[in-house]
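Every heavy atom of this structure was used, including side-chain atoms; hydrogens, water molecules and symmetry mates were not. One-based numbering along the sequence shown. In listed order, ligands and their atoms are each counted from 1.
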Amino acid sequence: MNLLDTARIDPATLAQSFPADFLWGVATSAAQIEGAAFEDGKGASIWDHFCRQPGRINDGSNIDVACDHYHRFREDVELMRGLGLDCYRFSFAWPRVQPLGQGAWNEAGFAFYDRLVDTLLKAGLQPHATLYHWDLPQALDDSIGGWMSRDIVGHFADYAAEIARRFGDRLASIATHNEPWCTATLGYETGQFAPGRTSRAESLQVAHHLMLSHGEAVAAMRAVTKARLGIVLNHTPSFPATPAEAERRAARIDDGLNVRWYMDPIFRGAYPADALEFVGADAPQVEVGDFERIRQPLDFLGINFYTRSLFDADGKAVKGPGKRGFTDMGWEIVPEVFAQHLVRLAREYNPPPMFITENGMANADRIVDGRVPDAERIAYLSSHLQALAAAMSLGADVRGYFYWSLLDNFEWNSGYDKRFGLVHVDYATQQRLLKDSAHWYGDLVARHRTRR
Ligand code: FCB
């Protein structure tokens with residue numbers, strides 16, 4: 001039996017499983033699509049810099065042009081309108097609007113986001129913004145050591161307030177950070193992401209500054225906007241490879257470092273005790289009052305879900321059995337974990353309304369006779385949406401879903417090799433082509449609309 005076929009549910013049935021006001025969208029981020037890396041006064045980001053270091057990016061590429069969205073955003077908005085989507089999640093590039101990360105603003109940078117937001121609104125698409133999707137101004141890294149310095153908290157709050165002041169009345173939501181775990185762990189502990197540092201102590205201090213900057217940014221934005229404010233966390237639920245006690249403990253610690261390290265300060269006002277004990281002397285320096293500043297009331301919680309992790313007794317990640325297969329990233333496809341995890345969050349944290357701010361797969365897509373037959377992505381989508389509906393029926397309050405991503409784009413240290421888009425991008429010509437999954441998603445949205 002072909003598992004892909006059994007995972008594929010017809011859009012009409014699936015559409016019935018979601019409440020009438022459920023929102024459908026797609027997500028992107030600035031560094032991965034915009035290009036125009038040094039145009040109209042934009043400052044360099046740590047990713048512009050990182051891409052220029054030999055060996056950092058698997059295919060040796062950079063983001064100077066990416067999907068050229070800076071110049072082609074009208075065409076890209078038109079694609080979303082054509083699919084009938086409700087909303088679009090994008091990020092502001094901090095160095096585009098404040099090249100040094102402090103001090104002078106770049107009006108030409110703001111003008112780009114004015115054009116984008118106004119074009120979205122005209123097309124009937126709600127703009128959902130993220131302030132930090134990893135493209136720190138390089139100048140801040142050079143001058144103060146970026147996220148390693150506590151001084152960055154004030155700079156980030158100033159940037160957040162300025163965005164809220166200028167755009168707040170036009171944005172449906174503003175998230176402070178995208179996936180602080182990735183910023184801290186991949187950027188400062190494993191070194192896979194910019195700025196490529198490799199110290200657990202630094203990474204945990206960075207994570208603390210990210211959390212503080214989140215709280216301070218929310219407080220600063222509240223003063224100037226009524227837009228819904230929140231944060232986007234990536235959750236990769238942790239499991240033991242076998243039921244052995246040592247493996248269960250390794251999974252529990254990873255859960256503490258990945259899920260609870262970020263959820264607990266925000267919703268409970270403390271770091272998780274077991275993970276804190278595990279990191280020992282690498283624990284971050286926390287000042288009196290920090291948790292009160294971090295624990296701001298939020299209007300929404302964004303969850304990004306892709307896969308799970310399995311651990312052996314030494315705490316090393318091992319490959320899962322992949323009963324439903326693996327994506328082109330090598331990530332195990334586990335929609336049932338998605339459902340289970342959302343229910344857990346609802347029960348353990350009683351969070352504000354949630355949005356699935358990212359979910360999707362990289363696939364080795366090919367154009368065949370003018371089409372991209374990505375049945376694997378349709379199966380991924382339909383099985384995860386089915387899981388989402390199940391979680392919602394069990395009490396998870398989820399208001400919308402953003403597929404990652406609208407376009408094939410720059411997948412960080414993997415370069416352009418990994419294709420996550422509903423829309424295929426030919427990087428030589430910048431030609432966009434809707435994949436079969438885009439048509440499937442548009443069909444689902446259209447059928448859901450009949451419920452409204
Ligand atoms: C997430 C990132 C996003 C994209 C997807 C595949 O971790 O937020 O930018 O790279 O993974």
Are Phe402 and His128, when compared by the centres of their aromatic rings, separated by less than 6.0 Å?
yes
One pair per line, please: each N/O atom of ligand 1 matched with every protein N/O atom under 3.5 Å away, atom names first, then the distance to 0.1 Å.
residue, atom, partner, partner atom, Å
ligand 1, 7 (O), Glu179, OE1, 2.5
ligand 1, 7 (O), Glu179, OE2, 3.0
ligand 1, 8 (O), His133, NE2, 3.2
ligand 1, 8 (O), Asn178, ND2, 3.0
ligand 1, 8 (O), Glu179, OE1, 3.2
ligand 1, 8 (O), Glu179, OE2, 3.3
ligand 1, 8 (O), Glu358, OE1, 3.1
ligand 1, 8 (O), Glu358, OE2, 2.9
ligand 1, 9 (O), Gln32, OE1, 2.8
ligand 1, 9 (O), His133, NE2, 2.8
ligand 1, 9 (O), Trp412, NE1, 3.0
ligand 1, 10 (O), Gln32, NE2, 3.4
ligand 1, 10 (O), Glu411, OE1, 2.7
ligand 1, 10 (O), Glu411, OE2, 3.2
ligand 1, 10 (O), Trp412, NE1, 2.9

Apply side-chain contact (heavy atoms from CB on, under 4.5 Å) to Arg432 and Arg72, showing your working.
CA-CA 10 Å; Arg432 276 70 163 143; Arg72 295 168 195 263; 3.8 Å; yes
Establish, yes or no, whether a centroid distance under 6.0 Å links the rings of Phe193 and Tyr188.
no
What about the rings of Tyr159 and His155, do their centers lie closer together than 6.0 Å?
no
Does Lys435 qualify as a cation-pi partner of Tyr441, given the criterion of NZ or CZ under 6.0 Å from the six-membered ring centre and within 45 degrees of its axis?
no
Check for me whether Arg399 meets the cation-pi criterion with Phe300, that is, NZ or CZ under 6.0 Å from the six-membered ring centre and within 45 degrees of the ring axis.
no
